[in-house]
Amino acid sequence: MTADLFGAQDDQPWAEHLSAGTVWHHGLAVKHEVQLMTAIADIERQAGFRHMVTPGGFRMSAAMTNCGQFGWVTDQGGYRYAESDPQTGKVWPDIPECFLTLASAAAAQSGYPGFQPDACLINRYEVGSRMSLHQDKNEQDFSAPIVSVSLGLPVQFQFGGLTRKERPARLTLEHGDVIVWGGPDRLRYHGVGALKSGEHRLLGACRINLTFRKAG
DNA sequence: AAGTATCC
DNA sequence: CTGG
């Protein structure tokens with residue numbers, strides 16, 4: 001990875017090892033922020049954010065889109081990965097190089113070298129949007145970790161156990177934070193609380209989360 | 001079912 | 001009324 005990928009203080013011992021997963025706290029270097037924002041805007045032009053519907057018929061409060069070979073979708077028929085955007089019939093946009101660089105570097109630093117995601121779900125949270133506790137389990141390959149990148153407003157992240165009963169740990173995720181979980185922790189329940197109002201210098205009253213997976 | 005409603 |  002490049003020395004400035006995670007900002008000027010990258011040689012600091014950043015990792016905060018939880019009982020499961022690794023959180024990297026850092027300020028993204030300005031040029032990388034700009035690259036990521038530009039890439040998201042480019043993806044949005046090809047595959048717009050939309051509020052998907054759960055199998056139970058409820059509209060999700062987070063707006064979603066995807067890039068990569070596979071995109072996570074939900075509708076009344078269930079959760080699944082699709083190789084094309086149901087909204088346009090077109091394949092999802094490619095995962096931008098700057099996304100891949102960040103995701104693989106974060107995975108490698110957390111003990112998962114060679115991470116090559118083929119799916120990136122992009123969630124956009126407005127004030128009040130949330131994501132209740134769930135497992136990422138629609139992927140074919142649980143040997144690859146999950147890499148999650150937070151941008152914009154802070155949020156309370158809930159990191160639970162392998163059953164829903166286990167009480168989740170809570171931690172605040174801020175702009176530029178990256179969390180990686182895999183191996184025995186790959187199927188841990190996780191979610192985020194409702195986004196509180198605020199103003200981020202780049203994203204305004206909004207949080208965007210990039211979640212990288214090996215789906216296929 | 002990654003949802004809401006309700007209770008405490 | 002709220003947060004879990």
Side-chain angles (χ1 to χ4, degrees), chain A residues 18-21 23 40 43-44 47-87 92 95 103 117-142 144-174 177-182 185-198 206-216:
Chain A
L18 305 176
S19 58
V23 183
I40 292 167
I43 290 163
E44 182 176 7
F49 285 98
R50 79 293 305 264
H51 292 273
M52 298 187 195
V53 172
T54 65
F58 295 103
R59 171 188 185 271
M60 297 183 74
S61 59
M64 300 176 164
T65 188
N66 290 279
C67 57
Q69 183 182 353
F70 301 100
W72 187 85
V73 297
T74 176
D75 58 23
Q76 305 256 8
Y79 303 151
R80 62 190 175 278
Y81 280 93
E83 293 199 57
S84 57
D85 181 348
Q87 201 158 264
W92 301 101
I95 301 180
D118 56 17
C120 175
L121 174 62
I122 306 174
N123 290 161
R124 188 182 65 195
Y125 298 84
E126 313 287 346
V127 174
S129 300
R130 57 200 177 75
M131 183 75 71
S132 63
L133 221 52
H134 67 279
Q135 294 173 299
D136 291 1
K137 60 178 182 184
N138 299 114
E139 299 75 26
Q140 297 282 125
D141 184 1
F142 294 149
I146 300 290
V147 175
S148 166
V149 177
S150 293
L151 300 168
L153 288 179
V155 77
Q156 279 295 110
F157 183 70
Q158 300 156 355
F159 201 40
L162 300 177
T163 66
R164 210 183 273 278
K165 302 183 175 215
E166 206 167 320
R167 194 166 308 173
R170 288 181 159 74
L171 78 148
T172 302
L173 292 181
E174 299 185 323
D177 289 347
V178 180
I179 178 163
V180 180
W181 65 97
D185 305 308
R186 172 62 181 73
L187 290 173
R188 280 183 179 264
Y189 278 89
H190 57 281
V192 295
L195 191 73
K196 295 185 175 175
S197 63
C206 170
R207 170 176 184 265
I208 290 179
N209 181 68
L210 312 175
T211 312
F212 296 91
R213 303 95 185 261
K214 178 91 178 70

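Numbers restart at 1 for each chain; the letters A, B, ... are given by sequence-line order, proteins then strands. Predicted model, so just to flag it, every value in this text is computed and none were measured.
Among residues two or more places apart in sequence or in another chain, the salt bridge (charged side-chain N to carboxylate O under 4.0 Å, His left out) test is passed with D75(A) by R80(A). Every side-chain hydrogen bond (donor to acceptor under 3.5 Å, both in side chains) that D177(A) has, sequence neighbours left out, goes to H25(A). Y189(A) pairs by the ring pair (Phe, Tyr, Trp, His ring centres under 6.0 Å) definition with nothing, not counting sequence neighbours. H51(A) is linked by a ring pair (Phe, Tyr, Trp, His ring centres under 6.0 Å) to nothing, counting only residues two or more places apart in sequence or in another chain. In this view, W181(A) satisfies the side-chain hydrogen bond (donor to acceptor under 3.5 Å, both in side chains) rule with no residue, not counting sequence neighbours. Remark: T74(A) pairs with no residue by the side-chain hydrogen bond (donor to acceptor under 3.5 Å, both in side chains) rule, at least two apart or across chains.
Residues from residues 117-131 of chain A placing a heavy atom under 4.0 Å of any atom in DNA chain B, listed by number, are R130(A), M131(A).
A nucleotide of DNA chain B counts as in contact with chain A when one of its atoms lies under 4.0 Å from a heavy atom; the first and last such, 5' to 3', are dA1(B) to dT4(B).
R80(A) comes within 4.0 angstrom of nothing in the nucleic acid, heavy atoms only. Within 4.0 Å of T74(A), counting heavy atoms only, lies no atom of the nucleic acid at all.
The residues K214(A) and D118(A) are annotated as salt-bridged, a charged nitrogen and a carboxylate oxygen being separated by less than 4.0 angstrom. Taking 4.0 Å as the cut-off between side-chain N and carboxylate O, E139(A) and K137(A) do not count as a salt-bridged pair. A salt bridge links D85(A) with R50(A): the distance from a Lys NZ or Arg NE/NH1/NH2 to an Asp or Glu carboxylate oxygen falls below 4.0 Å.
A cation-pi arrangement is present between R207(A) and Y125(A) under the rule of less than 6.0 angstrom and at most 45 degrees off the ring axis.
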Close N or O pairs between protein and nucleotides 1-4 of chain C (under 3.5 Å):
none

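Exactly one residue among N123(A), D136(A), N138(A) makes a side chain to side chain donor-acceptor pair (under 3.5 Å) with W72(A). That residue is N138(A).
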Quick one: side chains of residues 156-170 of chain A, donor-acceptor pairs under 3.5 Å with protein atoms, not counting sequence neighbours, listed by atom name and distance.
residue, atom, partner, partner atom, Å
Q156(A), OE1, T172(A), OG1, 2.4
R164(A), NH1, L133(A), O, 3.0

Let's test your reading of the pairing rules: Watson-Crick or G-U wobble, both distances under 3.5 Å, then write DNA chain B as a dot-bracket string with ( ), [ ], | and dots. ......||
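Annotation: salt bridge (Lys or Arg N to Asp or Glu O under 4.0 Å) contacts involving residues 53-67 of chain A, sequence neighbours excluded, are absent.
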